[in-house]
Student: 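Okay, handing you the structure first.
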Amino acid sequence: MSDRTMRRQVLLFFSILSTRLALGQVSYSIPEEMAIGSLVGNIAQDLGLDVKRLKSGKARIYTGDSAEYIELNRDRGALLVKDRIDREHLCGQTTPCALHFQIILEHPMELFRVTVEITDVNDNAPAFAKNMKTFEISEIAGIGATFMLERAVDPDVGVNGLQRYVLNPTDHFQIRLKKQPDGGNKVEMVLHQPLDREQQDTLSLVLTAVDGGEPQLSGSMQIHITVFDANDNPPVFTQEIYKAAVVENSPVGATLVKAIASDADKGSNSHVSYSLSGSADSFTDIFKIDPKTGDLILTGQADYEKAKHYQMFVEATDEGGLSDSSKVIVDVIDVNDNSPQINVMSKSSSLSENAPQTTVIAMISVNDPDSDSSGEVNCEINENIPFAIKSTATGFYSLVTDSDLDRERASEYNISITCCDEGVPSLSSSVTLTLHISDVNDNAPVFERSSYEAYIVENNTPGLSIFTVKATDADWNQNARVSYILEDSSVNGVPVSSYVSVSADSGVIHAVRSFDYEHIKDFRLCVKAQDGGSPPLSSNVTVKITIQDQNDNAPQVLYPVQTSSSVVAEMVPRSADVGYLVTKVVAVDVDSGQNAWLSYKLQKATDRALFEVGLQNGEIRTIRQVTDKDAVKQRLTVVVEDNGQPSRSATVNVNVAVADSFPEVLSEFTDFTHDKEYNDNLTFYLVLALAVVSFLFITCLVVIISVKIYRWRQSRILYHSSLPVIPYYPPRYSDTLGTGTLQHVYNYEVCRTTDSRKSDCKFGRAGSQNVLIMDPSCTGTMQRIQNEKNILDEPDSPVEVRIMIIFPLNLENTSLVFVFFSFFFTCTLSN
Ligand SMILES: *[C@@H]1O[C@H](CO)[C@@H](O)[C@H](O)[C@H]1NC(C)=O
Ligand SMILES: *[C@@H]1O[C@H](CO)[C@@H](O)[C@H](O)[C@H]1NC(C)=O
């Protein structure tokens with residue numbers, strides 16, 4: 001206040017000076033905005049006038065056109081503020097600002113110039129045109145980016161005018177003023193700290209303009225900054241690693257995990273799409289990611305056995321191309337979905353039956369790709385077989401024998417190996433190995449029986465099979481091939497091999513010779529059966545061969561002795577009683593049994609009524625009283641017959657003399673010797689010869705008649721035709737002699753002897769025995785037959801029929817018949 005006063009006084013002094021010099025000019029200086037009625041200056045005093053003068057002079061203020069802010073109080077002689085004086089209104093920015101007016105006095109007219117300088121008072125605060133300004137700035141705006149602000153206006157001047165701007169807060173922007181040519185400042189806002197929409201998407205600043213007055217005044221405006229988004233933020237996953245687990249063989253379509261990436265940006269810059277990437281493509285057909293939601297979806301079969309876990313990267317990309325990636329680990333949880341795999345590494349398909357225990361047959365490896373207990377495997381084999389399975393190492397087993405083998409009990413085993421894992425439910429698989437047990441020669445041949453007994457009828461043909469022994473061998477093939485061997489021994493001092501032979505292959509026992517029961521009745525032999533093994537095994541058996549009797553021996557009469565020279569007679573006294581034992585025919589038969597059981601019969605007797613023969617004992621007894629009429633010479637023929645089939649017999653002639661004295665006997669006996677036993681046989685041959693001759697005769701007759709008829713027909717044809725006829729003769733037919741006889745020689749010879757048992761020429765049948773057994777006496781006959789065959793084939797042999805029939809001389813009674821036949825035959829043929 002004191003400053004102001006002093007200044008006013010100084011100013012007043014100069015005004016007084018200037019007023020005096022220039023007819024009164026007074027200057028005052030007052031601040032603006034003084035209250036109405038405030039004293040501007042004591043003008044009367046300053047002009048040196050008296051208040052009375054002012055009144056008398058009707059002093060008044062003359063302002064011309066301008067408004068009157070100052071009034072003149074003539075009573076006080078002072079200038080007072082009449083109206084509100086606003087410097088800014090009066091002068092604006094012009095300085096100094098003064099009011100110029102005149103005080104005019106009348107009587108005398110005087111004119112005083114008054115200047116009232118209006119000094120500035122800080123009555124105006126700086127002000128902005130708008131109290132709010134809005135900016136939209138991208139967050140990526142660079143440092144130094146400049147934004148224009150409005151200037152503030154302060155009508156005050158000088159120190160009261162606008163001095164500076166203050167921006168608050170200043171963490172991103174600063175104020176920079178730029179001098180303008182008009183002396184003002186351009187107000188700029190400069191970015192000095194980058195914006196981040198994600199941190200602060202709007203900023204509110206206050207720009208304050210401050211003047212220098214006392215007190216200081218200020219004006220402010222709001223600056224509102226909206227930070228525009230820029231794609232300055234990549235998406236960020238919520239986790240660095242996403243973990244998920246999937247049970248293998250899960251159904252397709254399950255969502256395993258959700259990967260979420262957030263993008264701090266806004267709008268399209270925050271739109272994230274997901275994709276999978278990884279070093280290997282192994283998962284591409286198993287997993288996919290939903291590009292929008294980030295769901296990891298199972299699209300295929302996860303197989304624990306292929307991969308226990310999958311690692312992949314999920315990538316999130318926003319639309320601006322910024323991306324982030326995160327790892328996804330999917331663990332596959334094992335399920336017992338694999339049955340054990342059995343792999344036979346080596347095996348033997350056959351094993352010798354004498355293989356020792358714990359012989360390894362097969363090695364197998366078992367693998368179950370499942371994990372934990374699902375992959376733990378136990379193997380077993382079927383029961384009741386002599387094998388065991390042993391684990392050698394993890395996953396490796398060996399199949400061994402655990403007891404003795406016997407091919408004869410079981411020659412083949414089907415060993416089924418079953419392996420189960422311990423999963424729930426358990427899975428199993430199995431393989432079957434077939435093991436053949438190979439043979440070892442551990443069984444000797446065994447005969448069907450412990451001993452044999454065989455029978456053969458004597459007089460067998462050599463080579464006849466008697467019996468078959470059979471041994472079986474439980475072994476196989478060569479080891480079971482039994483051959484039969486006759487063991488050396490001797491029978492009655494002769495090696496047994498000269499009696500029988502044994503067929504090595506079949507075990508058939510053949511007779512080597514023809515046996516004679518009367519010579520040997522039985523014998524034993526030992527046959528060894530030996531197999532073909534190496535070394536061979538054998539066993540032996542005893543065969544008892546019993547020769548059976550055949551009725552091959554006729555009874556032999558020992559008594560009475562038969563001689564041709566002398567005659568022995570039994571004497572029967574005429575006085576002999578009934579039942580008198582005349583004699584006893586004693587006969588033996590070397591056969592045995594029935595074949596030697598002899599019976600005696602009376603075949604012929606001079607007087608059958610007189611004697612009988614005891615059927616069993618051969619005793620000849622009288623059966624009636626001998627009378628005198630009975631002839632002295634009695635001849636009995638006794639047949640001794642054995643009981644064989646067929647039976648054989650012998651006859652014995654017993655001469656009995658019924659006489660009391662010996663000379664009587666002698667005179668009566670003549671030769672009894674003639675024997676006519678063969679008459680029966682002869683009859684047969686005679687009939688046969690007759691039949692042959694008759695047949696030949698009839699044949700000739702037929703041929704001759706045929707020829708005759710033919711000839712007759714030929715002559716008839718010749719007679720009826722005029723052509724010459726050349727007669728046709730069939731081959732081998734010749735009529736040279738005109739007799740009509742046949743060309744060929746038919747030469748017959750009947751060869752016979754009286755002994756039927758030895759006469760036959762036998763041709764053995766080729767199939768059964770290749771032996772021609774021929775009586776040497778017949779050889780000549782055979783040759784003759786051969787010769788006659790040749791003659792028959794010869795075409796030019798003479799026409800002759802010769803019938804030679806040789807009869808024994810003693811056929812007197814029948815010869816006549818044949819003579820007649822021969823005669824008749826010859827007559828017929830000659831015709
Ligand atoms: C073993 O199996 C085969 C084929 O299935 C069969 O033919 C044979 O009889 C079986 N052997 C045994 C001893 O069971
Ligand atoms: C069989 O042969 C054995 C050995 O060669 C022998 O000891 C045994 O006595 C024979 N047995 C017979 C019945 O011959």
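Counting convention: from 1, in listed order, for ligands and their atoms alike.
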Student: More than 12 heavy atoms of other residues, nucleotides or ligands under 6.0 Å from CD of E240: is that the case?
Tutor: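 Atom CD in E240 is not packed in, count stays at 12 or less.
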Student: Would you verify whether the NZ or CZ of K306 falls within 45 degrees of the ring axis of Y304 while also being under 6.0 Å from that six-membered ring's centre?
Tutor: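 The answer is no; the distance or angle limit is not met.
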Student: Taking all atoms of both residues into account, what is the closest heavy-atom pair of S339 and D368, and its distance?
Tutor: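 Reported closest heavy-atom pair: C-OD2, 4.1 Å.
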Student: Could you check whether atom CD of E380 has more than 12 heavy atoms from other residues, nucleotides or ligands sitting under 6.0 Å from it?
Tutor: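 No.
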Student: Please tabulate, one line per pair, the protein nitrogen or oxygen atoms found under 3.5 angstrom from a nitrogen or oxygen of ligand 1, with distances to 0.1 Å, or say none if there are no such pairs.
Tutor:
{"residue": "ligand 1", "atom": "2 (O)", "partner": "N414", "partner atom": "OD1", "Å": "3.4"}
{"residue": "ligand 1", "atom": "2 (O)", "partner": "N414", "partner atom": "ND2", "Å": "2.3"}
{"residue": "ligand 1", "atom": "11 (N)", "partner": "E412", "partner atom": "OE1", "Å": "2.9"}
{"residue": "ligand 1", "atom": "11 (N)", "partner": "N414", "partner atom": "ND2", "Å": "2.9"}
{"residue": "ligand 1", "atom": "14 (O)", "partner": "N414", "partner atom": "ND2", "Å": "3.3"}

Student: Has D475 got a side-chain atom pairing as donor or acceptor with N441's backbone, closer than 3.5 angstrom?
Tutor: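 Not a single qualifying donor-acceptor pair exists.
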Student: For S371, run the side chain to side chain donor-acceptor pair (under 3.5 Å) check against D334, N336, N338 and tell me which one passes.
Tutor: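 Checked D334, N336, N338 against S371; only one passes side chain to side chain donor-acceptor pair (under 3.5 Å): D334.
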